[in-house]
Amino acid sequence: MLQFIQCTEQNDQNVRDELLAGLSAAQPFTSPKYLYDALGSKLFEAICELPEYYPTRTEALIFRSHASAIAQAVGSGSTLIDLGAGNCAKAARLFPVLQPVQYVPVDISVNFLRDALQRLQQQFPSIVMTGIGMDFSHELLLPDSVREAKRLFFYPGSSIGNYTPDEALLFLQRIRAACDDDGGLLIGVDLVKDKAILDAAYDDALGVTAAFNLNLLRHLNHLLGTDFDVQAWRHRGFFNAQESRIEMHLEAVSALTVRWPQGERHFERGARIHTENSYKYTQRSFTDLLEQAGFGRLSFWADPQQWFMVCHAHVN
Ligand code: AVJ
């Protein structure tokens, strides 16, 4: 059985208001979700192939090396809810070991899920598949066709890092609230490590991450009618150890003015737009967060270098 449901639709006016508020702030910023237009999504896929960008590859290694232990902790017959599913590939690789009863990929656009899910349904005809179009960053209300029993929320790739620790706590609490007492969470978390490794992962030699970040300006021009000149900006990506996070910024190469239909903003040379945070945790700091959110019976798996970890947590 295959079903598609569009729950929340992003309203154009809300998007514009949110973006212009950020761009007009004393410290200008944009939400990292705007990095992912069609080209941005392709560039992110390219990032995942870079030698410097270890998270994707390391997480895949952890899932491969510890598949049976993970399956044992999680149990079979779950309702697998894949948050930010994209092309559904990460979850699909786990189907043979996790044997879910229902697969529920959630992404901003249900259309993006359509092709991938149709193909998957052919490959795994016995799994009920329910694609959901929803911006789950603000609320997590699942439609009735999502089974309530044995919900397993799957949040790989260290996407949790885009939230501040306070926001991450709220998000984890919302996941917990959406679970029955037999629910759980399977999550990938990037770990604190040597600054040089982190810096390189977010400022690679080929400049793919730079292109990914700069592409945001093209996306903004499309969404807002701004006249950002990509050439007038440069990528900055570095680890801020104090805050335990990667910061990405776009920095004005020279003084310039950006105009849009209802306004404009001047940027001094070196002024920055903060485009992304990617928080890094330790096993200790993430355990605290999970426990504060009401999860317990935790399991952790990491690679030999301890660069990345996968955690399973039960609802307590
Ligand atoms: C998709 C948010 C997990 O933080 O590593 C990669 C995004 N940004 N390179 C990350 C990203 C720059 C990525 N997440």
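No hydrogens, no waters, no symmetry mates; every other heavy atom, side chains included, goes into these values. All ligand and atom numbering here is 1-based and tracks the order in the structure.
- By the 3.5 Å distance cut-off applied to N or O atoms, Tyr202 is counted among the residues near ligand 1.
- Atom numbering of ligand 1 starts at 1 in the shown order; those under 4.0 Å from a heavy atom of Phe212 are 8 (N), 12 (C).
- In this structure, Phe300 has its ring center no closer than 6.0 Å to that of His312.
- The side-chain hydrogen bond (donor to acceptor under 3.5 Å, both in side chains) contacts involving residues 296-311 comprise nothing, where partners must be two or more places apart or lie in separate chains.
- Ligand 1 places these atoms under 4.0 Å from at least one heavy atom of Tyr53: 5 (O), 6 (C), 9 (N), 10 (C), 13 (C).
- Distances below 4.0 Å separate heavy atoms of Ser158 from the following atoms of ligand 1: 3 (C).
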*Residues Asp182, Arg151; criterion salt bridge (charged side-chain N to carboxylate O under 4.0 Å, His left out); working and verdict*: CA-CA 7 Å; Asp182 57 357; Arg151 285 185 176 175; over 6 Å; no
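- Distances below 4.0 Å separate heavy atoms of Gly157 from the following atoms of ligand 1: 3 (C).
- When non-hydrogen atoms are compared, ligand 1 lies under 4.0 Å from the side chain of Tyr36 (C-beta onward) but not from its backbone.
- Taking the six-membered ring for Trp and the full ring otherwise, Tyr103 and Phe124 have centroids separated by 6.0 Å or more.
- Taking the centre of each ring, Phe239 and Tyr202 stay at or above the 6.0 Å mark.
- For ligand 1 and Ser278, the ligand atoms under 4.0 Å from any heavy atom of the residue are 4 (O), 5 (O), 10 (C).
- Looking from atom 8 (N) of ligand 1 to the surrounding protein, the closest heavy atom is Glu276 OE1, 2.6 Å.
- Arg114 forms a cation-pi arrangement with Phe4, by the criterion of a distance under 6.0 Å to the ring centre and an angle within 45° of the ring axis.
- Those atoms of ligand 1 that come under 4.0 Å of a heavy atom in Asn162, given as number and element, are 2 (C).
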